[in-house]
Every structure is written in structure tokens, then in C-alpha cells.
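Notes follow the structure.
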Amino acid sequence: MYQHYFGLREMPFSLTPDTQFFFDSAAHRAVLNTVLLALRHSEGFIKIVGEVGTGKTLLCRKLLASLGDEFITAYIPNPYLTPDELKSFLAQEIGVEPAPDMPAYQLLNEVYRRLVALAAQKRRVVLVVDEAQAMPRETIEALRLLTNLETEKNKLLQVVLLGQPELDEVLNRSDLRQLKQRIVFSETLGTIDRRTLSDYLDYRLQSAGYRGRSLFSPGAVRLLHRASGGVPRLINILAHKSLLVSYGQGGSQVGRAQVARAVKDTTESRTFGRWLSQHWLWITPLIIFFGLGGVSAGWWMMGQP
């Protein structure tokens with residue numbers, strides 16, 4: 001691969017949610033800070049919604065890593081659980097070992113006693129549910145009932161729900177309106193804008209050990225943003241493929257031609273980005289020739305090599 005060729009310690013655009021590569025953009029920072037503030041003030045339910053590939057799982061891992069020792073966290077990456085499985089999971093995460101034949105009411109009582117004991121020790125319990133839109137309706141209701149466990153002054157259990165926009169559709173159901181009313185903070189995770197994309201690429205490369213000049217030219221960055229729509233996962237896929245092309249060609253930098261090859265090889269790329277990658281050789285002079293915005297528009301669309 002291209003690691004040694006570009007002086008990298010590891011792959012800079014891996015799709016695994018490694019917090020080392022968490023890019024502190026203004027949008028992601030605002031969401032993370034809001035959630036941390038809400039948890040420190042025991043606000044109950046918090047919801048984070050983002051499209052596929054916008055970095056919800058990475059944000060989730062960063063959140064878990066950012067919480068101090070006063071927090072006990074239970075992380076559910078796959079929420080397709082029955083209500084009983086949810087209760088058993090929470091019990092084990094907070095130090096309750098339920099017997100196989102323990103009645104449901106007794107398990108809930110043991111969980112409550114443990115939560116009260118942890119609260120007396122100034123410990124806070126946070127349940128983080130990733131891909132929450134996949135949680136069955138009965139399990140969501142069981143989760144709501146678990147948050148009824150409280151003292152006169154504090155919630156004993158806080159919940160962070162992360163999911164795709166379908167999560168809002170689930171919570172808009174009339175039979176889940178009680179849970180929806182308990183959501184104190186609701187945040188939306190956006191995409192990376194074009195002005196920030198160059199910094200994002202540089203940050204990922206530097207985190208992987210790169211120490212040279214910017215590997216992606218301005219034109220490459222423009223086309224990359226057009227094709228990805230600013231979605232981090234798609235950016236990573238296209239950037240990785242672009243580096244492969246540059247490495248294969250013996251280049252020292254990624255230009256728009258290398259990104260164009262990557263875009264044509266990626267069916268998830270946006271339609272306009274794929275079209276642009278196929279016609280970039282002639283589209284700029286055509287725009288200039290017909291006067292559709294002049295030279296500045298042509299360079300804006302395609303950038304320098």
C-alpha cells in the first residue's frame with residue numbers, strides 16, 4: 001500500500017471509528033460539548049441524529065472517552081434487543097449479576113438499589129445507544145420506564161440516543177410521545193463544508209504520521225467535496241482511493257485527475273460529482289467559451305491541478 005510511500009505510520013482514512021482521528025470541526029465540537037454539558041447537569045434523555053456516514057459512531061466513541069471517572073457508561077452498539085435483554089445488559093454494566101431465573105420485578109429492584117448506591121457515591125450512569133432507530137418499540141418503552149428510576153432531586157439514569165433520521169420518525173409515533181417529551185436536548189450532526197474539508201484531510205494525514213506539504217491540491221479538494229457532499233465516510237473512501245491512484249502513478253500529490261478516477265470507481269459518489277469527474281477535461285473551457293460565469297466560474301468549479 002501507500003503508507004511507506006507517503007511517510008505514514010498507518011492508514012489515514014480508515015473507516016473504523018478511531019478517536020485518534022476525531023476531527024474537531026465546529027459542528028462536531030458543538031454537538032459534543034452540548035452532550036457533555038447536558039450529562040454533567042443530569043438532563044435525562046439526549047438525542048443525536050445524523051445521516052449515514054456523518055460520524056455518529058466516532059462521535060459516540062469520543063463522547064465515551066471524554067467522560068470522567070464520575071461516569072459509569074453502558075454502550076449498546078446494536079440495540080435490537082428485547083426489553084428483558086436491555087434490563088439484563090444494564091444490570092451487568094452497573095455491577096448487578098442477575099440470576100437466570102430472577103423475576104423481572106426483582107431484577108428491576110436490584111438495578112434501582114444499585115443506581116441509588118452509585119448516586120450516593122457521586123457516580124452517574126449513562127446509557128449510550130447507537131443506531132437507536134433500530135430499537136424495537138417495546139424496548140424503547142422499557143428504556144423510558146427505566147428512566148423513571150430517580151430520587152427526589154436527580155435522575156439515576158441518563159440516556160443518549162444516536163441514530164439516523166429514521167429515529168425521528170420512530171419517536172413521532174403517538175404511542176412514544178411520552179419518551180419524546182423527555183428529550184431535553186436534540187442535536188443534528190451535519191456534514192463537512194468545503195472550506196473545512198482541506199483541514200479535515202490534513203488533520204487525518206498528520207494524525208497518521210504525515211509531515212509534508214498538503215497532499216491534496218485545491219482542485220482535488222473541490223472535486224472531492226462535490227462528489228462526497230461533505231459526508232465523512234464517503235470522503236474517507238474517496239481520499240483513500242485517490243491516494244492509491246497517486247501512488248500507482250508515482251505522483252507526489254493528489255490532484256483532481258486522481259480524485260476523478262476515485263469518484264468514477266465509487267458508486268456512492270453524488271451524481272454531479274461522478275459527471276464532473278468524467279467531463280472535467282472539457283467542462284472548464286466550455287464554461288469560459290460560452291460566458292457562463294467567465295474564467296472565475298470555471299476555476300471555481302474545477303480548481304487548479
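For the numbers below, each heavy atom of this structure counts, side chains included, while hydrogens, waters and symmetry mates do not.
- Legend: residues meeting side chain to side chain donor-acceptor pair (under 3.5 Å) with S25, ordered by chain and number and at least two apart, are H28.
- When side chains are defined from C-beta on, S66 does not count as touching L63, because their heavy atoms never get closer than 4.5 Å.
- In this structure, the side chains of L118 and L156 stay at 4.5 Å or more apart for every pair of heavy atoms.
- Aromatic ring pairs are classed by plane angle as parallel below 30°, tilted from 30° to 60° and perpendicular above 60°; the pair Y2 and H240 is tilted.
- Applying the side chain to side chain donor-acceptor pair (under 3.5 Å) rule to D193 yields the partners T196; only residues at least two apart in sequence or on another chain are considered.
- Identified under the side-chain hydrogen bond (donor to acceptor under 3.5 Å, both in side chains) test for residues 67-81, with sequence neighbours left out: Y75-D130.
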* side-chain hydrogen bond (donor to acceptor under 3.5 Å, both in side chains) evaluation trace for T266 with K241 -> CA-CA 9 Å; T266 307; K241 290 183 178 181; 3.0 Å; yes

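- Side-chain contact between E93 and I72 is absent, with no heavy atoms from C-beta onward closer than 4.5 Å.
- Using a 4.5 Å heavy-atom cutoff, the side chains of F23 and P232 are not in contact.
- When ring centroids are compared, Y247 and H4 stay outside the 6.0 Å threshold.
- With hydrophobic clusters built from ILVMFWY side chains whose heavy atoms lie under 4.5 angstrom apart, Y210 shares a cluster with L201.
- Under the 4.5 Å side-chain criterion, counting only non-hydrogen atoms from C-beta, S228 is not in contact with E268.
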